[in-house]
Peer 1: 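What follows is a single structure, and I will ask about it in a moment.
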There are 2 protein chains.
Amino acid sequence: MVPSVPVSVDLVVLTVRCQALSALVWRRDNPPFLRRWSLAGGFIQLDEDLPDAARRIMTERAGIPGAGTLHLEQLQTYGYPDRDPRQRVLSVAYLCLAPDLPASEKAHMAWVPVAELTVMAFDHRRMMLDGIERARAKLEYTSLAAAFCEPEFTVADLRRVYELVWARPLDPRNFHRKVTKAEGFLMETGETTTRDGGRPAKLYRRGPAELLHPPMLRS
Amino acid sequence: MVPSVPVSVDLVVLTVRCQALSALVWRRDNPPFLRRWSLAGGFIQLDEDLPDAARRIMTERAGIPGAGTLHLEQLQTYGYPDRDPRQRVLSVAYLCLAPDLPASEKAHMAWVPVAELTVMAFDHRRMMLDGIERARAKLEYTSLAAAFCEPEFTVADLRRVYELVWARPLDPRNFHRKVTKAEGFLMETGETTTRDGGRPAKLYRRGPAELLHPPMLRS
DNA sequence: CCAATAGTGTCTATCAGACAGTATGGC
DNA sequence: GCCATACTGTCTGATAGACACTATTGG
């Protein structure tokens, strides 16, 4: 006889907004962990693949518009027997990176700066920290930072992503040189932004490159 | 009502032996995939954490001596509904890196060079390739290569690990400079090897460093 | 001596960090 | 003009790749 376990998918959805790396969370309205912050999640259905379940939960539970276009990757699986006090649940965490989306229309869902999420339900804080560390690491050697940006963005937008995710300032000039010379990272649109009090910046789109060679090290 | 799924743990156990990167596999003696190569695996027990299940399967199913001391990390979870034709099974794959161990005493288990494992049962080839890619990537920025070596090893032993895992030759002199100058990677034992026809090499142990700064890029 | 492997030194191209200087907008 | 931001150029130190050279063993 083979033991079976309920399996859920939990989403670590990260974005950069209001000068802070933020996560999409909701306030639990039921025990256990009543009124604690929690990640959006749900049980997988029979005959549903894991990425499909993650997309479904992004749409149905988290209320994220355009869930199909956002970056999504499997993070890790959490299976400690007591992680849910009611019954054993295996949880497959997914990491989603999003630009500054409009607030979810779902009740109780909110973008909260990760620095404020010191206490969460279940092991969701561990999942969130693992997701942040994955994002931090991947900014080093991939062009993933653009997943946090609008379709068209400036080099300064991209730099702000790096600075907020890595939580450290970067030299704007060296950063500019690095990303504009990285083959396939950025594609010029020909347009420029107009802002207050500064030279207009060129607008770029994501280039075809997925990897950054050589990587941009946090050192 | 919450659907439950049987959950198994499958092991991608890699080693370097006989001048080849090899995996620990066994020949299935039952349908489906009768007589195909398969990874060692088993179902998790109730109240058993995932890493504990992985260690148990290393000992019981794979017959690996000293399973408690080897490097073990979670690789990925595979959940496509049809991945097992009999019933839906969720599989959490673990990656284990081992030195050249004696052959397992378990029947049907064997070390096979990964280049020969072109056809495997279930999605085990995908798991193995994901494990190899994880190992390749981690050699770049961690000191993990030593996990493939005996407790005491030479710089040449370590270089052979890199060369076989990356499947490309490295300059012995530049490699030597890189690893001996990397802070905390290697600790001299004071001993040397004696070999035929060559200057004896210094023996090293693993140092305390986990990360390699700056990384050794495959480029 | 020679063969073989271990280990050191040197040159050079590349690249990151630091930062001066120029360009182009709003006020 | 002044300020702010975007962008370019230059210097320097660290490092990887290429490879000459020395060291230490066995035969």
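Atom set for the values below is all heavy atoms of this structure, side chains included, hydrogens, waters and symmetry mates excluded. This structure is a prediction, so every number in the text was calculated from the model and none was measured. A note on names: the letters A, B, ... follow the listed sequences, proteins ahead of strands, and every chain is numbered from 1.
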Peer 1: Would you kindly give the CG-to-P distance between B/L217 and D/dA14, to the nearest whole Å?
Peer 2: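 So the CG-P distance, B/L217 to D/dA14, works out to 19 Å.
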Peer 1: Might you confirm whether atom CZ of A/F175 has over 12 heavy atoms from other residues, nucleotides or ligands at distances under 6.0 Å?
Peer 2: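 Atom CZ in A/F175 is packed in, count exceeds 12.
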Peer 1: Under 4.0 Å between a side-chain N or O of A/H176 and OP1 or OP2 of D/dA6?
Peer 2: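 Answer no for this pair, as no side-chain N or O of A/H176 is under 4.0 Å from OP1 or OP2.
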Peer 1: Name the closest nucleotide to the B/T194 side chain, picking from D/dG26, D/dA16, D/dC7.
Peer 2: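 Of the options given, the side chain of B/T194 lies nearest D/dG26.
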Peer 1: Taking atom P of D/dA6 as reference, at what distance in whole Å does atom CD of A/E188 sit?
Peer 2: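 Atom-to-atom, A/E188 to D/dA6, this comes out as 15 Å.
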Peer 1: Rounded to whole Å, how long is the line connecting atom CZ of B/F175 with atom P of C/dG9?
Peer 2: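 Interatomic distance, CZ of B/F175 to P of C/dG9: 19 Å.
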Peer 1: Over all strands shown, is B/P172 touching base, sugar-phosphate only, or nothing at heavy-atom distances under 4.0 angstrom?
Peer 2: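 Result for B/P172 = nothing.
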Peer 1: Taking CG from A/N174 and P from D/dA6, how many angstroms apart are they, rounded to a whole number?
Peer 2: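 The answer, rounded to whole Å, is 15 Å.
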Peer 1: Per the atom types in the model, does the base of D/dG17 pair as donor or acceptor with the side chain of B/R177 at under 3.5 Å?
Peer 2: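 Per atom types, the contact qualifies.
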Peer 1: Take atom OH of B/Y162 and atom C1' of D/dG17, then tell me their distance rounded to the nearest Å.
Peer 2: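 Atom OH in B/Y162 sits about 17 Å away from atom C1' in D/dG17.
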Peer 1: Would you kindly check if the NZ (Lys) or CZ (Arg) of B/R27 is within the cone defined by 45 degrees around the ring axis of B/W37 and under 6.0 Å from the six-membered ring centre?
Peer 2: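 Relative to the ring axis of B/W37, which defines the angle, B/R27 lies inside both limits.
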Peer 1: In whole angstrom, what separates A/E191's CD from C/dG25's C1'?
Peer 2: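 It is 17 Å, rounded to the nearest whole Å.
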Peer 1: Using a cut-off of strictly less than 4.0 Å, decide whether B/K178 has a side-chain nitrogen or oxygen near OP1 or OP2 of D/dT15.
Peer 2: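 No, outside the criterion.
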Peer 1: Is a donor-acceptor pair below 3.5 Å formed from side chain B/D171 to base D/dA16, judging by atom type as modelled?
Peer 2: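 No.
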Peer 1: Measuring from the side chain of A/V155 (C-beta onward, heavy atoms only), which nucleotide among D/dC7, D/dT25, C/dG7 has the closest atom?
Peer 2: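 Among D/dC7, D/dT25, C/dG7, the one nearest the side chain of A/V155 is D/dC7.
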Peer 1: When you match B/R199 and A/K202 each to their closest nucleotide on DNA chain D, which lands nearer the 5' end?
Peer 2: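 Going by which nucleotide is closer to the 5' end, it is A/K202.
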Peer 1: Quick one: A/E140 CD to C/dA16 P, roughly how many Å, whole number?
Peer 2: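 For the pair A/E140 CD and C/dA16 P, the rounded distance is 12 Å.
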Peer 1: Would you kindly compare B/G198 and B/R173 by the position of their nearest DNA chain D nucleotide and give the one closer to the 5′ end?
Peer 2: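 So the residue in question is B/R173.
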Peer 1: B/M109 versus B/L24: any side-chain heavy-atom pair under 4.5 Å?
Peer 2: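 Counting from C-beta outward, B/M109 and B/L24 do come under 4.5 Å.
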Peer 1: If we ignore hydrogens and angles and just use 3.5 Å, is the side chain of B/Y162 paired with the main-chain N or O of B/L139 as donor and acceptor?
Peer 2: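 Checking the backbone N and O of B/L139 against the side chain of B/Y162, a donor-acceptor pair under 3.5 Å is found.
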Peer 1: Nearest whole Å is fine: how far is C/dG17 C1' from A/R168 CZ?
Peer 2: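 Whole-Å distance recorded here is 10 Å.
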Peer 1: Does a side-chain N or O from B/S219 land closer than 4.0 Å to OP1 or OP2 of D/dG17, or not?
Peer 2: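 Indeed, a polar side-chain atom of B/S219 lies that close.
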Peer 1: Please find the pair of heavy atoms, one from A/T69 and one from A/R55, that lie closest to each other, and give the distance.
Peer 2: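 The answer is N-NH1, 4.4 Å.
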